[in-house]
Amino acid sequence: MNSQILKMMGSFVLVILAQVLLFNQINIFGYVNPMLYLLFLVMYPFDQNQTFYIFIGFVIGFLIDLLSQTGGAHTIASLSVSYLRPLIMKYSYGLTSELPKSILTDSRKTNNFLFLLIFISVHHLIYFALAYFSVDAFFLIIKNSLLTMIFSLILILLISSLYRVK
């Protein structure tokens, strides 16, 4: 097998286990759980098959839901951002610019930060809207999305900086 495929499979399993066994148990301020599994969706190379990427988004969300017993909210949120990733990339990097092969190999820090910010924000808004599923909880959805987005963004930036290709 290709070493790239083995690395991706290993990181896929590692991210799911870390999310379920470690990060779902962390409750910052009593209710904020950083979502590390988005790191796998962010680090997936931009030049790979988009259909397979959407399938991976579904599988990772489904496994997190299955192991965390969250009723499908992770699946729908992950599937949605996987589908919207080309639009987020075009908005973050510009329509006419050359897209990087991966967020790890790109040197445009502001574009990478904008991509991460939009990607994580959209995911969290969808997730918390489905988790609460009530118009009455609008401010609670916004508050939880914002706080969880901040901690998830910090965590993903820290971990992706460890893997950054110089």
Side-chain angles (χ1 to χ4, degrees), residues 8-46 48-93 99 102-104 111-160 163:
M8 286 180 60
M9 287 173 39
S11 64
F12 182 81
V13 171
L14 184 67
V15 164
I16 290 175
L17 289 176
Q19 180 66 46
V20 172
L21 298 175
L22 180 66
F23 291 104
N24 281 355
Q25 309 308 320
I26 296 173
N27 289 323
I28 303 168
F29 303 128
Y31 56 88
V32 175
N33 294 352
M35 296 185 191
L36 176 72
Y37 75 93
L38 292 175
L39 179 66
F40 184 81
L41 295 176
V42 166
M43 290 177 60
Y44 188 83
F46 293 150
Q48 296 294 320
N49 186 356
Q50 180 66 19
T51 306
F52 184 67
Y53 177 72
I54 292 171
F55 176 72
I56 291 278
F58 170 77
V59 170
I60 199 166
F62 181 74
L63 288 174
I64 297 292
D65 277 333
L66 188 67
L67 296 171
S68 302
Q69 300 176 352
T70 52
H74 286 287
T75 303
I76 295 172
S78 298
L79 190 59
S80 298
V81 293
S82 297
Y83 181 76
L84 294 172
R85 184 172 88 151
L87 295 173
I88 297 170
M89 285 176 10
K90 287 179 185 172
Y91 181 77
S92 301
Y93 293 100
L99 293 176
S102 172
I103 197 167
L104 296 177
N111 294 20
N112 292 341
F113 182 77
L114 183 62
F115 172 76
L116 283 172
L117 184 67
I118 295 170
F119 191 87
I120 294 170
S121 297
V122 168
H123 176 274
H124 287 10
L125 282 172
I126 293 170
Y127 172 75
F128 284 111
L130 291 170
Y132 290 109
F133 206 69
S134 173
V135 178
D136 297 334
F138 177 76
F139 293 110
L140 189 60
I141 291 169
I142 297 299
K143 180 181 83 169
N144 285 348
S145 296
L146 185 63
L147 289 174
T148 307
M149 184 261 313
I150 289 169
F151 286 103
S152 296
L153 183 65
I154 291 170
L155 184 67
I156 288 173
L157 284 171
L158 287 174
I159 292 175
S160 67
Y163 293 104

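Hydrogens, waters and symmetry mates play no part in the numbers below; they use all other heavy atoms, side chains included.
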Under 3.5 Å, which donor-acceptor pairs do the side chains of residues 21-29 form with other protein atoms, sequence neighbours left out?
{"from": "Asn24", "atom 1": "OD1", "to": "Gln19", "atom 2": "NE2", "distance (Å)": "2.7"}
{"from": "Asn24", "atom 1": "ND2", "to": "Ser68", "atom 2": "OG", "distance (Å)": "2.6"}
{"from": "Gln25", "atom 1": "NE2", "to": "Val20", "atom 2": "O", "distance (Å)": "3.4"}

>> Against Thr75, only a single residue in Ile64, Asp65, Val59 fulfils side chain to side chain contact (heavy atoms under 4.5 Å, CB included); can you say which?
In response: Asp65
>> What verdict does the side-chain contact (heavy atoms from CB on, under 4.5 Å) test give for Tyr44 and Met8, after you've listed the backbone C-alpha separation in whole Å, the side-chain angles of each residue and the deciding distance to 0.1 Å?
In response: CA-CA 8 Å; Tyr44 188 83; Met8 286 180 60; 3.1 Å; yes
> How far apart are the C-alpha atoms of Ile54 and Thr51, what are their side-chain angles, what is the distance that settles it, and do they pass the side-chain contact (heavy atoms from CB on, under 4.5 Å) test?
Replying inline: CA-CA 5 Å; Ile54 292 171; Thr51 306; 5.8 Å; no
> Checking side chain to side chain contact (heavy atoms under 4.5 Å, CB included) against Tyr37, which of Leu63, Ile60, Val42 comes through?
Replying inline: Ile60
> Parallel, tilted or perpendicular for Phe40 and Phe12, by the 30°/60° rule?
Replying inline: perpendicular
>> Using 0.5 Å steps for rounding, measure from the CD1 atom of Ile88 to the CD1 atom of Ile120.
In response: 10.0 Å
> Under the 3.5 angstrom rule, does the side chain of Tyr83 hit a backbone N or O of Ser78 as a donor-acceptor pair?
Replying inline: no
> With a 6.0 Å cut-off on ring centres, are His124 and Phe119 close enough?
Replying inline: no
> Heavy-atom distance under 4.5 Å between the side chains of Leu38 and Leu41, does that happen here?
Replying inline: yes
Report, one line per pair, each donor and acceptor closer than 3.5 Å where one atom sits in a side chain of residues 126-144; sequence neighbours left out.
{"from": "Tyr132", "atom 1": "OH", "to": "Asn144", "atom 2": "ND2", "distance (Å)": "2.3"}
{"from": "Ser134", "atom 1": "OG", "to": "Asp136", "atom 2": "N", "distance (Å)": "3.2"}

> Do Thr148 side-chain atoms and Pro34 backbone N/O form a donor-acceptor pair below 3.5 Å?
Replying inline: no
> Knowing that exactly one of Ile156, Ile154, Leu155 qualifies, which makes a side chain to side chain contact (heavy atoms under 4.5 Å, CB included) with Leu158?
Replying inline: Ile154
>> To the closest 0.5 Å, what do you measure between CD1 (Ile56) and CD (Gln48)?
In response: 10.5 Å
> How about Phe62 and His74: are their ring centroids closer than 6.0 Å?
Replying inline: no
>> The test is side-chain contact (heavy atoms from CB on, under 4.5 Å); show your working for Ile76 and Leu79 and say whether it passes.
In response: CA-CA 5 Å; Ile76 295 172; Leu79 190 59; 5.7 Å; no
>> Working to the nearest 0.5 angstrom, can you tell me the gap between Phe58 CZ and Ser82 OG?
In response: 11.0 Å
>> For the CG atom of Leu157 and the CG atom of Leu39, what is their distance to the nearest 0.5 Å?
In response: 10.0 Å
> If you round to the nearest 0.5 Å, how far is CD1 of Ile150 from CG of Leu146?
Replying inline: 4.5 Å
> Should Pro86 and Gln50 count as side-chain neighbours, where that means a heavy-atom distance under 4.5 Å?
Replying inline: yes
> So how far is it from Arg85 CZ to Ser92 OG, rounded to the nearest 0.5 Å?
Replying inline: 11.5 Å
